[in-house]
Amino acid sequence: AKGRGRATFAFFEPAVATTAYDKLMLEGELGHAIIHDEFALLFQPQVRACDGHPVGVEALIRWQHPQRGLLAPNEFIALAEQHRLIVPIGAWVLREAARQARLWHDAGWPLTVAVNLSTLQFQAPDFVASIQSLLAETGLPAGWLELELTERMLMDDVPQVCARLQQLRALGVKLSVDDFGTGYSSLSHLKELPIDTMKIDRSFVQELPHQRESAAIASAIVQLARGLGLSVVAEGVETEAQRAFLVGQGCDHLQGMIISAPLTVPQMQRWLHAQPAL
Ligand code: C2E
Ligand code: CA
Ligand code: CA
Ligand code: CA
C-alpha cells in the first residue's frame, strides 16, 4: 500500500493533474465518465497452476479519457475514493464484470470473475443487497463472482466485516484477500473470516525464486492457505522460474504476464480459443 501510494502521487502530479485547477478538472470529468461511457474493463486470465487450465479472470478498470488518453487505475482510483465517486464507479465495474462473465458462461467458458472492491463500496449499507440484485439481474451463478478485498478492509472492524462477509457468503459469492502479505492481517482474525482465497502479492512473486526472504514468505503463504483450507493465487507471475517455484510449492492458481496481460473482450475470446479444450 505504501508503494502504491507513492506511485499514485508520482504519476498523478506530473502526468495527470499538474495543478490544483487541473485536479479539479479531472474530478469533474470523473463525475461524468460513467454517463459518457468512458470506462472499460480489461480481463486478466487466471489458470490452474498444475496444467494451465483457464479458471477465471480478474476485472481491471481503465478510463478512456477523451483528451488524456487511456488512464490506469493508479491515475484515478484514489481521486474517485476521495470523492466517493468510487461507489457508482464500483457498481458499474461489478455490473459490467457480471454481465461479461454471464456471456462467457453462455458461450461455454465457465470462468469465475474477480472484482476489486474499495473500502467505501464494501462499507455502503446497501452493498450486500446490491450484490444480490446484481446476481438476480444478470443471472450469474453466485459462485462465479469473486470479490477481492484487501487485508486493511478485512481488519478494520472485524466483527462488522465478519457479519458482512457472512452475508455475502450466504449468497454464495466467493471472497478473496488481495495483496496478501503486504497488509497487517491478524492470523487469529483471519481464521474467523469466511474467506475462500488468498492472493500472494506481486512484490513477493517478483523476487522469486532467488531472493530467500520472498521465497520463504511465498511458501509460508501457500502453507497457511493450505492449513486454513483456502485456495491460493499468485499474482504478477512473469517468469518460468517463478512459475516453477510456485507450482512446486503447491500454489493453486497463477495470474501474470507469463500467462497473459490483461485483455479486452475480443482479445480474451481469442486467448480462450487458443487454449487446450476446457
Ligand atoms: P491489483 O488488484 O493488485 O491488480 C493487479 C495489477 O497488476 C494490475 O494493474 C495488473 O495489470 C498488474 N499485473 C498483472 N500481471 C502483472 C505482471 O506479470 N507484472 C506486473 N508488473 N504487473 C502485472 P492495474 O490494472 O494497473 O491495476 C492496479 C490496481 O488498481 C489493482 O491492483 C487494484 O488494486 C486497482 N484496481 C483495478 N481495477 C479496479 C477496480 O475496478 N476497482 C477498484 N476499486 N480498484 C481497481
Ligand atoms: Ca486485485
Ligand atoms: Ca493484487
Ligand atoms: Ca498487488
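These numbers were taken from a predicted model, which means no experiment stands behind them. Remember, it's 1-based here, ligands and their atoms both numbered in the order they're listed.
Counting just the N/O/S atoms of Asp178, the one with the shortest distance to the Ca ion (ligand 3) is named OD1. The Ca ion (ligand 3) is closest to atom OD1 of Asp179 (considering only N, O or S atoms).
Of all non-hydrogen atoms in Ser185 and Leu190, the two that sit nearest each other are OG-CD1, 4.3 Å.
Remark: ligand 1 and Ile61 share an N or O pair separated by less than 3.5 Å (distance only, no angle test). Between Glu58 and ligand 1, at least one pair of N/O atoms sits closer than 3.5 Å. At under 3.5 Å, a nitrogen or oxygen of Arg202, whether backbone or side chain, sits near a nitrogen or oxygen of ligand 1.
For Glu235, the nearest N, O or S atom to the Ca ion (ligand 3) falls under 3.0 Å. Residue contacts to the Ca ion (ligand 3): Asp201 brings no N, O or S atom closer than 3.0 Å.
In this structure, Glu81 does not count as a contact residue of ligand 1, since none of its heavy atoms falls inside 4.0 Å of the ligand. For the ligand labelled ligand 1, residue Thr150 lies outside the 4.0 Å heavy-atom shell. In this structure, Arg62 counts as a contact residue of ligand 1, since one of its heavy atoms falls inside 4.0 Å of the ligand. By the 4.0 Å heavy-atom criterion, Pro262 is counted among the residues contacting ligand 1.
Here Asn116 contributes OD1 and Glu58 contributes OE2, and at the Ca ion (ligand 2) these two atoms make an angle of 90°, given to 10°.
Nearest to atom 19 (N) of ligand 1 by heavy-atom distance, out of Lys199, Gln121, Met257, Glu238, is Glu238. Here atom 24 (P) of ligand 1 lies nearest to Pro73 when heavy atoms of Ala72, Pro73, Gly256, Ala261 are compared.
The pair Arg202-Asp178 fails the salt-bridge criterion, with no side-chain N (NZ, NE, NH1 or NH2) lying under 4.0 Å from an Asp/Glu carboxylate O.
Phe39 and Trp92 have tilted rings, their planes meeting at an angle from 30° to 60° on a 0 to 90° scale.
Side-chain N/O atoms of Trp104 and Gln269 include a donor and acceptor closer than 3.5 Å.
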Could you please spell out the steps behind the salt bridge (charged side-chain N to carboxylate O under 4.0 Å, His left out) verdict for Asp252 and Arg226?
CA-CA 10 Å; Asp252 298 290; Arg226 283 271 116 101; 3.0 Å; yes
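Not a single donor-acceptor pair under 3.5 Å links the side chain of Glu38 to the backbone N or O of Ile34.
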